[in-house]
Number of protein chains: 2
Amino acid sequence: MFDENPVTSADKTFMDMRNAIVEGRIAAGAKLNEAELSTTYEVSRAVVREAINRLETCHLVERKPNVGARVVQLTKQGLLQIYQVRESLEGMAARLAASNMSDQDVSDLKALLDNHKQTVEGGESYYQEAGDVDFHYRIILGSKNQQLISLLVNGLYHLIRMYRVQFGMAGPRVSTAFDEHKNIAMAIANRDEELAEMLMRRHIMYSRRNIESKLVEG
Amino acid sequence: MFDENPVTSADKTFMDMRNAIVEGRIAAGAKLNEAELSTTYEVSRAVVREAINRLETCHLVERKPNVGARVVQLTKQGLLQIYQVRESLEGMAARLAASNMSDQDVSDLKALLDNHKQTVEGGESYYQEAGDVDFHYRIILGSKNQQLISLLVNGLYHLIRMYRVQFGMAGPRVSTAFDEHKNIAMAIANRDEELAEMLMRRHIMYSRRNIESKLVEG
DNA sequence: TGGGTCTATATTGTCGACACTTTCTGCTAA
DNA sequence: TTAGCAGAAAGTGTCGACAATATAGACCCA
């Protein structure tokens with residue numbers, strides 16, 4: 001959904017590694033050994049290094065000169081900081097989307113939610129997750145602000161996914177979240193910038209609180 | 001101010017190229033030829049490629065597979081989009097700084113402004129620019145939100161500088177901006193989160209308008 | 001003359017080898 | 001016993017060469 005097809009070998013290695021990290025097959029905090037990875041993925045070290053560079057760009061790994069790269073550590077504090085940033089940026093995205101989305105964009109968004117509704121009623125949690133990501137993704141694109149799009153899509157989204165997957169919070173708040181989505185879409189359709197931003201910020205805030213409560217339990 | 005000393009050869013090349021781009025010695029929109037750059041900076045192509053990767057990370061260049069990298073094009077629209085994002089992110093930084101800065105941080109900030117005042121009265125425009133960057137930088141750090149810090153410092157700030165330098169807007173609004181800084185610092189010292197955010201957002205908005213008016217003239 | 005194909009050239013992508021730095025290990029000496 | 005210092009091992013940084021791809025230009029044909 002996010003990425004075009006990988007054209008170069010480094011593209012593919014980057015995506016493979018990214019998925020491995022997001023899904024925890026490469027553990028959080030783990031050291032990345034270039035030689036080892038190059039045999040695993042059957043490419044040269046140069047390709048692995050290129051892939052690691054890009055992983056660093058989307059904040060999934062951290063590098064230290066002459067020492068190496070590690071997968072980021074997942075912490076409660078880190079998660080909350082991401083949600084703080086998300087609230088601000090996606091709130092803004094919703095506001096901009098309300099003024100910049102084309103009518104076509106808006107009806108596509110509604111159609112997405114209709115589709116989504118079916119699967120929610122079916123109760124399939126994976127599709128719920130995917131649907132949620134897709135919804136947010138479209139609003140980000142709808143902002144038509146390239147800087148914002150780049151920051152969120154290339155910069156934060158995979159990290160968010162990583163937290164969701166590894167903290168085991170796929171498909172929370174299913175029907176509630178769906179209603180929130182519907183209201184946001186409505187505000188955007190009405191070109192109500194202020195309301196769209198407010199609803200999006202609250203939507204993300206609720207999501208954060210939901211996660212916080214789970215973390216305290218866990 | 002921003003960066004530690006370069007430890008590796010790629011670090012140095014990256015910084016050199018970054019300055020060259022920000023200051024326009026490598027023109028906006030220019031194609032980056034790896035072989036050529038490798039002779040210019042007297043390093044291997046691998047090092048140049050690494051540097052280009054990092055330049056891409058801070059949005060100063062764009063790469064296309066099998067084609068190459070170009071310096072970003074500066075457009076009025078792009079500038080406005082950056083300022084939109086800045087308003088949101090730095091507003092948030094100011095709010096977080098008001099709650100998270102240590103008392104020591106706050107007095108350092110005040111001291112900075114006092115120093116700054118002297119140079120403003122001296123009327124030295126270069127120091128004005130540097131002082132402005134430094135002020136904003138401290139508030140960003142004061143937010144203590146790593147994600148936010150990374151997005152702004154590694155992701156946006158050099159691009160902003162590039163616009164400022166190449167659109168020839170060094171040292172605008174000198175004394176006005178200084179007063180705004182003072183008010184923001186005051187709000188932070190009073191731990192008034194809401195006011196700090198609002199003042200910062202307006203400060204950046206004024207700055208944007210100032211630039212917009214210059215652009216229409218130019 | 002215009003369009004299209006094919007070749008030649010330039011440029012990026014990938015590779016394996018070597019250089020340098022860090023880290024581990026075992027030894028020496030107080 | 002332990003602190004500290006070699007020396008070895010492991011890992012990252014850098015390099016030059018080769019492979020694959022895209023671009024530019026010549027040539028052909030309608």
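A note on names: the letters A, B, ... follow the listed sequences, proteins ahead of strands, and every chain is numbered from 1. Keep in mind that this is a model prediction, so the values were computed, not measured.
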query = For B:Glu62, which residues count as a side chain to side chain contact (heavy atoms under 4.5 Å, CB included) partner, sequence neighbours excluded?
reply = B:Val72
request  = Any chance you could list the contact pattern along nucleotides 11-16 of chain C? Use B for base contacts, S for sugar-phosphate-only contacts and - for none, protein heavy atoms under 4.0 Å, 5' to 3'.
outcome  = SBBBB-
query = In whole angstrom, what separates A:Glu36's CD from D:dA9's P?
reply = 20 Å
task = Name all residues meeting the side chain to side chain contact (heavy atoms under 4.5 Å, CB included) criterion together with B:Gln147; count only those two or more places apart in sequence or in a different chain, and write none if there are none.
result = A:His59, A:Ile82, A:Val85, A:Leu156, A:Leu159, B:Asn145
For A:Val67, side chain to side chain contact (heavy atoms under 4.5 Å, CB included) partners two or more places apart = A:Lys64
ask   = Considering residues at least two apart in sequence or located in another chain, which fulfil the ring-ring contact (aromatic ring centres under 6.0 Å, His included) criterion with B:His136?
value = B:His181, B:His203
task = List for me each residue that meets side chain to side chain contact (heavy atoms under 4.5 Å, CB included) alongside B:Ala189, sequence neighbours excluded, and say none if there are none.
result = B:Val106, B:Lys110
